[in-house]
S.K.: 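Sharing a structure with you now.
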There are 2 protein chains.
Amino acid sequence: MQSKRNFSAKREAIYETLVSTDIHPSAEWVYEQLKPKMPGLSLGTVYRNLAVFKEMGLARSVGVINGQERFDAKMTQHPHFICQKCFRIIDIPKGYNVLDKNAYTMIERECDVEIELHSITFYGLCKKCC
Amino acid sequence: MQSKRNFSAKREAIYETLVSTDIHPSAEWVYEQLKPKMPGLSLGTVYRNLAVFKEMGLARSVGVINGQERFDAKMTQHPHFICQKCFRIIDIPKGYNVLDKNAYTMIERECDVEIELHSITFYGLCKKCC
DNA sequence: CAACAAATCAGTAACTATTACTATTTACTA
DNA sequence: TAGTAAATAGTAATAGTTACTGATTTGTTG
């Protein structure tokens with residue numbers, strides 16, 4: 001049986017791991033999840049495939065936390081909340097993103113740029129760390 | 001003569017370099033600017049003092065670009081624009097930040113978190129790269 | 001000003017996330 | 001099945017950053 005996306009088995013597993021978690025993992029976390037089930041998996045392969053996903057528009061970077069890049073495969077534009085104590089990254093539902101409708105146009109005109117996308121991140125303490 | 005902030009000469013020079021540029025520099029850039037005028041300056045000192053400024057609330061991180069952390073000493077909350085081609089970081093005037101007044105309260109209530117600050121970044125192409 | 005204590009620093013070594021490289025394996029095609 | 005391209009493991013290399021140690025500077029107090 002063949003994947004709908006024609007990914008190799010490992011690429012598919014990496015993508016599935018990424019897309020089915022909401023922790024916005026690092027490359028190493030993905031590797032640690034898969035290594036037991038796939039003993040012949042290399043960390044370099046995880047890095048390379050995460051780069052491939054970014055290139056394909058299937059994943060994006062949420063930022064660098066404690067030196068590690070964190071990834072998200074949920075590609076609808078939504079803000080994040082990062083706890084400054086436990087460094088958990090929480091998705092904020094799209095509806096709560098109240099960036100003005102005209103922001104893109106206004107900034108493009110005033111700042112002389114072409115905006116493709118944006119990222120909104122809130123920082124503070126999550127309920128466990130308050 | 002003594003600095004208003006009681007900084008050591010090097011700390012003062014690093015802060016002045018950071019606060020008087022709008023390029024949102026990396027540690028290395030700050031070091032390269034100062035090294036000719038201050039031959040006895042160590043890159044480690046720049047890193048350490050940037051960390052001190054963050055701790056003191058005199059600077060913040062704008063993010064990591066091409067593996068390098070970029071800093072900003074303009075502490076009023078304002079969005080940034082990052083050119084995806086030349087990686088220039090441009091300040092967007094505060095007025096254009098149209099995050100809804102109620103966003104903090106709404107997200108805090110719905111997501112059960114305490115928000116301290118936020119960061120808004122737009123990505124695209126600047127006028128030189130369009 | 002002198003003497004002491006605390007803070008800061010230079011220089012180097014260590015650390016770690018990430019990337020590059022190469023030989024090997026796997027998948028695809030005809 | 002043979003041939004070709006893509007993907008991978010394993011390792012080495014890179015680069016940003018941090019840690020450490022002994023020396024220097026700075027601030028303080030008499």
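Residue numbering restarts at 1 for every chain, and letters A, B, ... go by the order of the sequence lines. Note that these values count all heavy atoms, side chains included, but never hydrogens, waters or copies made by symmetry.
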S.K.: Within a 6.0 Å radius of atom CD on A/Glu108, are there more than 12 heavy atoms belonging to other residues, nucleotides or ligands?
M.R.: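 Enclosed.
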
S.K.: Determine which pairs satisfy salt bridge (Lys or Arg N to Asp or Glu O under 4.0 Å) with at least one residue from residues 44-66 of chain A, sequence neighbours left out, and list them in order.
M.R.: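 Those involving residues 44-66 of chain A are A/Lys54-A/Glu69.
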
S.K.: In whole angstrom, what separates A/Tyr31's OH from D/dT8's P?
M.R.: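 Spelled out: OH on A/Tyr31 to P on D/dT8 is 14 Å.
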
S.K.: Please give, in whole Å, the distance from C/dA7 C1' to B/Ile14 CD1?
M.R.: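 Taking CD1 of B/Ile14 and C1' of C/dA7, I get 14 Å after rounding.
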
S.K.: With a 4.5 Å limit on heavy-atom distance, are the side chains of A/Phe87 and A/Asn66 in contact?
M.R.: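 They are in contact (side-chain heavy atoms under 4.5 Å apart), so the answer is yes.
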
S.K.: Can you find a pair of side-chain heavy atoms, one from A/Ile23 and one from A/Ile89, that are under 4.5 Å apart?
M.R.: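 A side-chain contact under 4.5 Å is absent here.
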
S.K.: Specify the separation, in whole Å, of atom CZ of B/Phe7 and atom C1' of C/dA7.
M.R.: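 My rounded result for the distance is 14 Å.
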
S.K.: Using five pairs at each end of the helix from C/dC1-D/dG30 to C/dA30-D/dT1 to define an axis, what is the angle between those two axes, to 10°?
M.R.: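 One end axis against the other gives 30°.
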
S.K.: Taking the side chain as everything from C-beta on, heavy atoms only, tell me whether A/Phe71 gets closer than 4.5 Å to A/Val62.
M.R.: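 Contact flag for A/Phe71/A/Val62 side chains = no.
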
S.K.: Please give, in whole Å, the distance from C/dC9 C1' to B/Glu12 CD?
M.R.: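 So the two atoms are 16 Å apart, to the nearest Å.
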
S.K.: A/Tyr47 versus A/Asn49: any side-chain heavy-atom pair under 4.5 Å?
M.R.: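 Contact flag for A/Tyr47/A/Asn49 side chains = no.
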
S.K.: Just N and O in the side chain of B/Ser8: are any of them under 4.0 Å from OP1 or OP2 of C/dC9?
M.R.: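 Answer yes for this pair, as a side-chain N or O of B/Ser8 is under 4.0 Å from OP1 or OP2.
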
S.K.: I need the CG-C1' distance between B/Asn49 and D/dT25, as an integer number of Å.
M.R.: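 Answer to the nearest Å: 14 Å.
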
S.K.: Taking the side chain as C-beta and beyond, is there a heavy-atom pair between B/Phe81 and B/Tyr123 under 4.5 Å?
M.R.: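 A side-chain contact under 4.5 Å is absent here.
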
S.K.: Take atom CG of B/Asn6 and atom P of C/dA6, then tell me their distance rounded to the nearest Å.
M.R.: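 About 18 Å, once rounded to whole Å.
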
S.K.: Which nucleotide sits closest to the side chain of B/Leu41: D/dA7, C/dT8, C/dA10?
M.R.: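 The nucleotide sitting nearest to the side chain is C/dA10.
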
S.K.: So if I define the base as every atom that isn't primed, P, OP1 or OP2, how would nucleotides 12-23 of chain D read as a B/S/- string at a heavy-atom cutoff under 4.0 Å?
M.R.: ----SSB-----

S.K.: Is A/Leu41 close to A/Tyr31 at the side-chain level, that is, under 4.5 Å between some pair of heavy atoms?
M.R.: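 Yes - at least one pair of side-chain heavy atoms lies under 4.5 Å apart.
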
S.K.: To the nearest Å, how far apart are A/Met38 CE and C/dT25 P?
M.R.: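 Spelled out: CE on A/Met38 to P on C/dT25 is 17 Å.
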
S.K.: Hey, are the side chains of B/Thr45 and B/Ile14 touching, using non-hydrogen atoms and a 4.5 Å cut-off?
M.R.: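 Yes, side chains in contact.
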
S.K.: Whole angstroms only, please: what is the CZ-P distance between B/Arg11 and D/dT25?
M.R.: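 After rounding, the reported distance stands at 16 Å.
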
S.K.: Please tell me which of the listed nucleotides, C/dA10, D/dA7, C/dC9, lies nearest to the side chain of B/Ser42?
M.R.: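 Per side-chain heavy atoms of B/Ser42, the pick is C/dA10.
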
S.K.: If the cut-off is 4.0 Å, is A/Lys10 near the phosphate of C/dT26, judged by side-chain N/O to OP1 or OP2?
M.R.: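 No, A/Lys10 has no side-chain N/O under 4.0 Å of OP1/OP2 on C/dT26.
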
